[in-house]
Amino acid sequence: PTRIHQVPTDRDGRFHLGGLGEGPFYILGTSPGRISASRNQIEPDQQELILVLRKHFQLNVTLVRNKRPVDGRVTLTGDHLLRTAVTRDGNVEISQLAPGEYSVRAEAQGMSAGPQSLRLEASHTQVTLELEPGGRVLVTIVDEQGFPIPAPTVAVSTRGERLLMKTKLETGALGIIGPLVQGAYTLAVSAVGFEGVKRPLTIAQGESSIEIVMTRTVSLSGRVIDE
């Protein structure tokens with residue numbers, strides 16, 4: 001069974017782990033308000049191990065329409081990250097973020113803002129999003145016989161492949177994309193047992209509809225046994 005050893009560091013950040021047995025080991029360092037750091041495949045006779053714990057970053061988003069605060073939903077995407085938050089009095093704070101590049105957008109009352117690219121390089125970053133009339137797309141996802149596909153996953157990205165939204169539908173009978181700012185996007189649809197589909201998507205003001213036809217994949221299953 002896996003054994004876990006925990007020790008606190010001293011005021012200089014130094015620590016000592018004894019009685020470990022044979023390696024290699026996985027080392028994880030944590031501290032409140034900071035991003036965890038880890039190292040793996042560590043051998044006992046290795047030179048002094050250094051773990052760098054970076055401070056959590058924070059993003060403050062203000063959502064406005066005609067310079068007045070509006071409450072809505074903010075979506076933040078990044079590397080392996082997709083988070084949503086609801087504004088209060090037009091403001092929301094998204095914390096515990098790592099430094100790096102992100103994309104932020106918002107939606108409220110049938111309007112949309114963004115996506116806006118940003119890079120977190122300071123502990124606090126402020127961004128203001130201006131809402132404007134957006135558009136929605138009603139999407140139907142069917143097989144080659146015209147039957148709705150069960151549990152398809154729909155993802156919308158910018159043409160630069162920055163993920164904006166990803167959702168799993170109960171059925172392909174009817175899904176709603178948006179509201180999103182008017183413009184050009186990429187739509188990707190996937191489902192178990194079907195070939196994935198990727199196609200351009202244009203969002204215009206108001207509401208439009210599209211149909212996605214998916215093709216079943218050919219699969220082969222079997223069993224391998226010894227003599």
Side-chain angles (χ1 to χ4, degrees), residues 28-38 51-65 68-139 141 151-170 175-191 196 198 201 203:
L28 172 68
T30 63
S31 179
R34 295 182 179 269
I35 302 170
S36 301
S38 63
L51 297 175
V52 180
L53 304 184
R54 300 180 182 273
K55 290 183 178 180
H56 282 303
F57 283 16
Q58 177 179 303
L59 175 65
N60 295 91
V61 180
T62 299
L63 194 57
V64 299
R65 172 65 173 169
R68 294 183 178 182
V70 177
D71 282 340
R73 185 174 64 178
V74 174
T75 301
L76 181 71
T77 57
D79 187 19
H80 302 292
L81 178 140
L82 177 61
R83 290 175 61 179
T84 61
V86 177
T87 63
R88 183 176 182 180
D89 297 327
N91 295 283
V92 67
E93 175 187 294
I94 304 176
S95 58
Q96 297 187 344
L97 297 172
E101 295 183 353
Y102 295 85
S103 178
V104 60
R105 67 180 185 88
E107 58 186 71
Q109 304 171 13
M111 297 179 291
S112 185
Q116 179 173 321
S117 297
L118 55 92
R119 183 175 182 82
L120 298 185
E121 297 179 316
S123 58
H124 290 78
T125 300
Q126 172 69 44
V127 62
T128 299
L129 298 177
E130 176 78 30
L131 288 164
E132 60 184 74
R136 300 196 314 169
V137 173
L138 307 182
V139 56
I141 306 167
T153 297
V154 177
V156 178
S157 307
T158 65
R159 288 296 173 87
E161 296 301 315
R162 171 73 71 175
L163 179 66
L164 298 179
M165 59 169 291
K166 185 176 183 180
T167 184
K168 188 172 185 177
L169 307 175
E170 291 185 7
I176 300 176
I177 299 173
L180 289 173
V181 171
Q182 302 172 60
Y185 301 88
T186 298
L187 172 66
V189 182
S190 61
K198 181 179 287 189
L201 175 68
I203 299 291

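Every value quoted in this text rests on a predicted model; they were computed, and no experiment measured them. Numbers here simply count residues along the sequence, with the first being 1.
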Distance-only polar pair, side chains of N91 and E93, donor-acceptor under 3.5 Å: no
Using modelled atom types only, decide if a donor and an acceptor are shared between the side chain of [X] and the backbone of [Y] within a distance under 3.5 Å.
X: T77; Y: L82; result: no
X: S112; Y: A106; result: yes
X: T125; Y: L120; result: no

Would you give the length of the straight line joining atom [atom1] of [X] to atom [atom2] of [Y], rounded to the nearest 0.5 angstrom?
X: Q96; Y: R34; atom1: CD; atom2: CZ; result: 13.5 Å
X: S157; Y: L187; atom1: OG; atom2: CG; result: 9.0 Å
X: H80; Y: L163; atom1: NE2; atom2: CG; result: 11.5 Å
X: Y185; Y: L164; atom1: OH; atom2: CG; result: 6.5 Å
X: T84; Y: M165; atom1: OG1; atom2: CE; result: 11.5 Å
X: L138; Y: I177; atom1: CG; atom2: CD1; result: 9.0 Å

Working for side chain to side chain contact (heavy atoms under 4.5 Å, CB included), residues V156 and I203: CA-CA 11 Å; V156 178; I203 299 291; over 6 Å; no
Exercise: identify the closest heavy-atom pair between [X] and [Y]:
X: L51; Y: G29; value: CD1-N, 3.7 Å
X: T158; Y: T186; value: O-OG1, 4.0 Å
X: F57; Y: P99; value: CE2-CB, 3.5 Å
X: G110; Y: P179; value: O-CB, 3.9 Å
X: G72; Y: A108; value: CA-CB, 3.6 Å
X: T30; Y: S36; value: CG2-OG, 3.4 Å

Side chain to side chain contact (heavy atoms under 4.5 Å, CB included), paired with V64, selected from L129, T87, T128, L131: T128
Residue R73 excluded, over 12 heavy atoms near CZ under 6.0 Å: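 Check fails, neighbour count at 12 or below.
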Candidate pair T62 and Q126, rule side-chain hydrogen bond (donor to acceptor under 3.5 Å, both in side chains), full reasoning: CA-CA 8 Å; T62 299; Q126 172 69 44; 2.9 Å; yes
Pairs flagged by salt bridge (Lys or Arg N to Asp or Glu O under 4.0 Å) wherever residues 126-137 is involved - sequence neighbours left out: R136-E207
Worked check of side chain to side chain contact (heavy atoms under 4.5 Å, CB included) between V154 and I141: CA-CA 10 Å; V154 177; I141 306 167; 3.7 Å; yes
Y102/L59 under side chain to side chain contact (heavy atoms under 4.5 Å, CB included): CA gap, chis, key distance, verdict: CA-CA 10 Å; Y102 295 85; L59 175 65; over 6 Å; no
Less than 4.5 Å apart, side chain to side chain, heavy atoms only: is that true for [X] and [Y]?
X: S190; Y: T153; value: yes
X: V104; Y: T75; value: no
X: L81; Y: L97; value: yes

